[in-house]
Amino acid sequence: MICTGSGTNNIENPYQIRYKLGMAIDKTSASDKAGTQFIEKPTRNKLRVRKARLEVIRGPDLGKKRNIQSLHLMVGVSPDCDMVLSDPTISWQHFELLTTEDGCLLRDLDSKNGTDIRGIRVKQAVLYGGEQIDIGNSTLLLSVYDEHEEFTLSRKNSFGTMIGRSATIRQVFAELEQVAPSDAVLLLEGESGTGKDLAAENIHRFSPRKDKPFVVFDCGAVSSTLVESELFGHRKGAFTGADRDRPGVIESANGGTIFLNEIGEIPLKLQTRLLRLLDTWETRRVGENQYRKVDVRLIAATNRDLKNEVELKHFREDLYYRLTVVRIRLPALRDRREDIALLAKKFIAERASDQDPDKIITDQVLAMFLNHLWPGNIRELRNVVDRLILFPKRPKSALSRDKEESGLVAIPADFLDLSFRDFRDQCERTYLSAVIDSCNGVMTEAAAKADLPRMTFYRLVKKHKLTK
């Protein structure tokens, strides 16, 4: 479709186009591109990457800008995207930009309306800056600068039980190595299944507190009426059923580390108590007046955008800033595709040590893995590997189950007249109502069936006024 090279007629992948400095056809030789290298070869543990920026120059989000401050950036209407747009004609996850040695690799993520550059529909394109990217009813401009951003990479391909060779994860390993010996409050962010719990466990493992308790508390797995007692403990007789004094998980972690998983699920009324803990390192049991000193290191994790939760008044701003002394984001699996084969073979070695990983992860299987979006991240990869171990001759079926679980469904024509926000609300309400009916109105059972933390489920039910 596009000729590359110097005076040659070699055709590249028909879905892939090369651009250079905004020119639609790249007629330069490989030697001419040397000066446009985006990533300099790493020296020891440093990586230098050219600075770049995306800006919306047409559409509902006109003027919105996003500096590309990492090796990967995803664009779409999903709140999980790095650049979130409101154009309803843009897909949930529309396209991604990967910074490579040759340039910014744009990859369309099977979007409904496609991605066009200079009027040409592309599946993949290597961009060099100056290109206008048309998606839905919006146009984005990619700008690239001569200045460089420098990233520190770990010299190792692992951090405890976490492994990876990609620059993306080695950058995270370097941050984890730096923060582990300290007592700094830490917030781990990232999508579900990216390994936040494993990161917290390994931070404790490499900290001075490694010989002390590591206590995990899943904030979304406990009823809102019991969270306070579970966290801070209670005195005998403080409430019905409190038949003895009991320390909370914070006291139990004294001397060690407390890991609060899904911190965004903490009820608003209890966030004040958590804020006091972070300010004074004192805790008080339910039913008592006296405070007890505790010596703990607090690590929290969330798959939510807590800054957005603050704006929605669902999370205290002062607690947000107290938790974000240090923030580290765990990358999605699609951001570190170079690690997929390594992780898959590790899971095979753990699950079936008598089998040869290379016979299961063949070139055909690896190609399928690299083309998959992995919405469930590392957890999804582990499940797929488990099925491959059982059915090694059926790789497509092992992956197709997850594709079906995360696939698209037909949208009724009437819904297309709604705004994106109204459509999302209608879908939520319809789904929740159906789940509640299928469980005969038993909310705890419905929350479990929806695979949502109970507090999240109750909040959505209240939002859509589904309670009688």
Side-chain angles (χ1 to χ4, degrees), residues 78-80 92 187-197 200 215-232 234 239-242 246 248-250 258-271 273-274 286 300-306 308-310 312-316 319 375-380 382-383 401-402 404-409 421-468:
S78 167
D80 293 329
W92 193 246
L187 179 66
L188 297 173
E189 299 174 301
E191 298 175 15
S192 179
T194 51
K196 299 184 290 295
D197 52 347
V215 180
V216 179
F217 182 74
D218 289 311
C219 302
V222 179
S223 169
S224 58
T225 58
L226 297 177
V227 172
E228 185 176 21
S229 171
E230 291 290 326
L231 270 178
F232 300 100
H234 60 257
F239 52 85
T240 303
R246 183 187 176 194
V249 295
I250 294 173
I258 176 75
F259 174 48
L260 300 181
N261 196 20
E262 299 307 336
I263 187 71
E265 300 291 341
I266 288 283
L268 198 58
K269 65 179 182 179
L270 287 184
Q271 292 176 20
R273 292 204 61 182
L274 196 56
V286 176
T302 182
N303 60 12
R304 292 190 187 188
D305 181 351
L306 285 190
N308 185 55
E309 294 294 299
V310 169
L312 294 173
K313 307 298 183 185
H314 295 160
F315 203 85
R316 289 183 62 104
L319 178 58
N377 293 296
I378 298 174
R379 185 181 296 121
E380 180 186 351
R382 185 183 289 112
N383 293 339
R401 180 177 173 185
D402 290 278
E404 289 167 6
E405 291 170 356
S406 61
L408 298 174
V409 296
R421 187 182 299 277
D422 290 341
F423 169 73
R424 181 179 59 192
D425 288 345
Q426 184 63 42
C427 286
E428 275 186 0
R429 193 178 197 285
T430 302
Y431 173 76
L432 292 170
S433 179
V435 170
I436 293 170
D437 287 345
S438 69
C439 297
N440 297 317
V442 181
M443 293 298 184
T444 54
E445 186 180 334
K449 188 171 183 177
D451 195 21
L452 286 172
R454 277 177 289 180
M455 291 167 59
T456 301
F457 187 83
Y458 294 152
R459 186 171 62 250
L460 289 172
V461 167
K462 183 177 180 181
K463 169 187 171 183
H464 294 291
K465 300 178 180 179
L466 294 174
T467 53
K468 295 181 179 179

I would like to know whether His314 and Leu268 meet side-chain contact (heavy atoms from CB on, under 4.5 Å); could you show each step before the answer? CA-CA 7 Å; His314 295 160; Leu268 198 58; 5.9 Å; no
Assess whether side-chain contact (heavy atoms from CB on, under 4.5 Å) is satisfied between Leu319 and Ile266, documenting all intermediate values. CA-CA 11 Å; Leu319 178 58; Ile266 288 283; 5.7 Å; no
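Residues Val216 and Asp197 have side chains not in contact (no heavy-atom distance under 4.5 Å, counting atoms from C-beta outward).
Nearest heavy-atom pair, Ile436 versus Phe457, reported as atom, atom and distance to 0.1 Å: CG1-CZ, 3.9 Å. Here the shortest heavy-atom pairing between Ala300 and Phe259 reads C-CE1, 4.2 Å.
With rounding to the nearest 0.5 Å, the separation of CZ in Phe217 from CD1 in Ile263 is 9.0 Å. From Leu226, atom CG reaches atom CZ of Phe239 across 7.0 Å, with rounding to the nearest 0.5 Å. If you take SG on Cys427 and CG on Leu432, they are separated by 11.0 Å, rounding to the nearest 0.5 Å.
If you run side-chain contact (heavy atoms from CB on, under 4.5 Å) between Glu189 and each of Asn303, Asp305, Thr302, only Thr302 comes through. Remark: of the listed residues Lys269, His234, Arg273, Arg273 is the sole one forming a side-chain hydrogen bond (donor to acceptor under 3.5 Å, both in side chains) with Glu228. The only member of Val227, Leu270, Leu231, Leu260 that meets side-chain contact (heavy atoms from CB on, under 4.5 Å) when paired with Cys219 is Leu260.
We find that Glu230 and Arg246 are joined by a salt bridge, their nearest charged nitrogen and carboxylate oxygen being less than 4.0 Å apart. Salt bridge absent: Glu262 and Arg304 never bring a charged side-chain N and a carboxylate O closer than 4.0 Å.
No donor-acceptor pair closer than 3.5 Å links the side chain of Lys449 to the backbone N or O of Val435. Remark: the backbone N or O of Glu191 is paired with a side-chain donor or acceptor of Lys196 at under 3.5 angstrom.
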